[in-house]
Amino acid sequence: MFDKKAKTSVPVNELIATRWSGRAYDSKRPVSADHIVALCEAARWAPSCYGDQPWSFIICNKNTDKSTWDMAFSCLSEGNQRWAKDAPVLILVIADSIFSHTGKTNRWGQYDSGAAAMNICIQATDMGLMVHQMGGFDSDQAGKKFSIPDQFTPMAMMAVGYQLPLDQIEGEVRDRETAGRVRHSLGNNFFDGKWGKPITGK
Ligand SMILES: Cc1cc2nc3c(=O)[nH]c(=O)nc-3n(C[C@H](O)[C@H](O)[C@H](O)COP(=O)(O)O)c2cc1C
């Protein structure tokens, strides 16, 4: 990925700083089977409440199963379809709402599934891949099309692939892809011991 590293007040882990959500994918570069398994392994080893592993991921690889990829793509919002069309892999992230060991409500299922998805983002960054997560998709439609039982909630779609080299990105898309990254100031979201008291940052 080209460099859009997070500007942090103190150094942080290189992969965390490097990861970002681009939208210009190289449609001609498939993701290898080994890399896809590595993404799954990364998610598999995420922490979860009671070790319940409430996540499921449906991998839709355009290069090996176009009809499944098409089905995932058809669930995306129009805005996301515009750029995700070039991503060779789409991954549907699904959260279980019931603990498998007790049959009771698991109110951390979505939290844990997000953590597993983030492991995928970090692993992908380490392998030179780019991931862009999307909430802009029709969750109900995805549930129906992929025959997902009711207790499981489709949470997000992830676009995965290689970034198009910068010299091949033109016009508005190039402006968008090279725009700076922004975050709230540290004290806006991180509190020092009590609600609303900003942590001291640089
Ligand atoms: C749960 C979730 C849903 C998102 N939905 C979309 C989306 O539908 N379309 C999109 O272009 N980006 C989407 N994003 C990407 C965010 O806009 C992006 O992560 C954010 O602007 C921060 O940028 P960065 O990831 O490059 O640091 C989503 C991210 C997350 C985590």
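Each ligand, and each atom within it, is numbered from 1 in the order the structure gives.
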When you check the gap from the basic side-chain N to the acidic O, do K66 and D70 get nearer than 4.0 Å? yes

N-O pairing of K5 and E14 below 4.0 Å: yes

Salt bridge check, E41 against R44: does any charged N sit closer than 4.0 Å to a carboxylate O? yes

Can you list the steps and then say if D112 with Q53 is a side chain to side chain donor-acceptor pair (under 3.5 Å)? CA-CA 7 Å; D112 293 345; Q53 302 158 67; over 6 Å; no

Other ILVMFWY residues reachable from V93 by side-chain steps of under 4.5 Å: V31, I36, L39, W55, F57, I59, V89, I91, I120, M127, L129, V131, M158, V160, Y162

Are any non-hydrogen side-chain atoms of R181 and W20 less than 4.5 angstrom apart? yes

Per-pair distances, ligand 1 N/O vs protein N/O, less than 3.5 Å:
residue	atom	partner	partner atom	Å
ligand 1	5 (N)	G135	N	2.7
ligand 1	8 (O)	N80	ND2	2.9
ligand 1	8 (O)	G135	N	3.3
ligand 1	8 (O)	G136	N	2.9
ligand 1	9 (N)	N80	OD1	2.8
ligand 1	11 (O)	R23	NE	3.1
ligand 1	11 (O)	R23	NH2	2.8
ligand 1	11 (O)	H132	NE2	3.2
ligand 1	12 (N)	H132	NE2	2.7
ligand 1	14 (N)	Q133	O	3.0
ligand 1	19 (O)	S21	OG	3.4
ligand 1	25 (O)	R19	NH1	2.9
ligand 1	25 (O)	R19	NH2	3.2
ligand 1	25 (O)	S21	OG	2.5
ligand 1	26 (O)	S21	N	2.8
ligand 1	27 (O)	R19	NH2	3.0
ligand 1	27 (O)	R181	NH2	2.7
ligand 1	27 (O)	R183	NH2	2.8

